[in-house]
Protein chains: 2
Amino acid sequence: MARTALTREEVLETAAALVKQHGPTALTMRRLAAELGTAVTSIYWHVGNRESLLDALVERTVADLAAITPHGRTPAARIVSVARALRHELRARPHLVAMVHERGLTERMFLPAQRALAQEVHAAGLRGTRAAEVVRAVQVQVVGHVLVERNRERSPAQSPAETELWQTATTDPPDPALTRALAAPVDPERLFVTSVRALVNGLLGPHGPTPDRRDG
Amino acid sequence: MARTALTREEVLETAAALVKQHGPTALTMRRLAAELGTAVTSIYWHVGNRESLLDALVERTVADLAAITPHGRTPAARIVSVARALRHELRARPHLVAMVHERGLTERMFLPAQRALAQEVHAAGLRGTRAAEVVRAVQVQVVGHVLVERNRERSPAQSPAETELWQTATTDPPDPALTRALAAPVDPERLFVTSVRALVNGLLGPHGPTPDRRDG
DNA sequence: ACCTGAACACCGTTCAAGT
DNA sequence: ACCTGAACACCGTTCAAGT
């Protein structure tokens, strides 16, 4: 009843498919073996153990991330376009990105984008440590947004809902319209673009970062 | 060999201690039982199962989060102070915060801070949906930073290091000082304050959010 | 070089039985 | 009302044995 020879590539492919469809918890060695039609222990010969199998999947994801090219006229617009593209790519593979994050390889994954951002910040006239700060601020902004967004999506029914919580506030709200707006659902794309634009304006604009003062 | 009567409170306390010291994976029902000096199955009577035990721990963390009060003179400074305090609180209990995040209760946990931010944004003269957008942008900014920071700390030795990656760049870097700065280690506190300040300036300042245009 | 089943030490959970 | 041990169906991993 021998099947065609098992390859490391085949193991990785099937494992990746399992993760994409049902999340990382669904990737058990026994289930993977069943999917492949082999004995559980054969997998060990090809990939070592579960941990290094996951490592390999993560490595793959990092490599998969397509190169991102900026679009737009001004440096600010081009930076925002990189941020948007980045967000899009990350959201296309949530499970695998989460695994990259858990393994602390987010930095690695972001390198191509970082290069693109660096070029734009340079074009905007910033140099040295100040320029680096802008690159990093944008990078953190993007990763942070994606992580928070994903979190929000995974749990659409908060209990109690924000609405309810705001209604039970002890102090009267200063602005009913604000209260209503905070109780309403979020448009993540919109919030994302608004935030990135504000951050970039704040960093590139006349009020830019003040490297020497630390007090709030 | 009967010990004093087991209480739900005692179970939660011991479970929380285990998580704080060794992370959530260390919290197995058998280990918890050993720590408590009872049979594994006794725990089930008090907390149902592992899942609802974790739920209870998360609920506790949300409740534990101390009320945060703004400091400073201008609304912008007061917003930044809330952001810093928030970051500090979150970083004090990383494992539990991660669990709150995984369970999608980040929103809930942030409500007190959200109220404080709302008041400051109101004081800064913003109203309605625009004000709400600022509150949310700052909130995401803080959570995002904390998540990314924690990720960076958990894996101090990136392989290959950023330095190495930048050195192997195919295109010549436009700014050697920028390249050097990006290869150097990050000061997270500094990056955080710079980013929040820039975001707040960008949102409250003259270039504020433009709610109707969506193009980058 | 590659694959296998048996075995080990773990899990979370259920359940009938105790007091 | 509270606690217990036995049992079940899972894990990841090791290892001696096969070809």
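Below, read A as the first sequence line, B as the second, and so on, with proteins coming before strands; counting in each chain starts at 1.
Looking at A:R60 and A:E13, a side-chain N of the basic residue comes within less than 4.0 Å of a carboxylate O on the acidic one, giving a salt bridge.
Mapping B:T38 and A:M29 onto DNA chain D via the closest heavy atom, the residue that lands nearer the 5' end is B:T38.
Taking only side-chain atoms of A:T28, from C-beta outward, the nucleotide of C:dT13, D:dC11, D:dT14 with the closest atom is D:dC11. For B:H46, the side-chain atoms get nearest to D:dC3 when compared with the rest of C:dT4, D:dG12, D:dC3. For B:W45, counting side-chain heavy atoms from C-beta on, the closest listed nucleotide (D:dC3, D:dC2, D:dT13) is D:dC2. Taking only side-chain atoms of B:R30, from C-beta outward, the nucleotide of C:dT14, D:dA7, D:dC11 with the closest atom is D:dA7. Considering only the side chain of B:S42, D:dT4 comes nearest among D:dT13, C:dG12, D:dT4.
For a distance-only test at 3.5 Å, the side chain of B:T41 qualifies as a donor-acceptor partner of the base of D:dG5.
C:dA6: Watson-Crick or G-U partner is D:dT14, with both key distances under 3.5 Å. If you check D:dA1 for Watson-Crick or wobble pairing at under 3.5 angstrom, you find it paired to C:dT19.
Cation-pi contact between B:R87 and B:F192: present, with separation from the ring centre below 6.0 Å and deviation from the ring axis of at most 45°.
Taking all atoms of both residues into account, the shortest heavy-atom contact from A:P24 to A:M99 is CB-SD, 4.0 Å.
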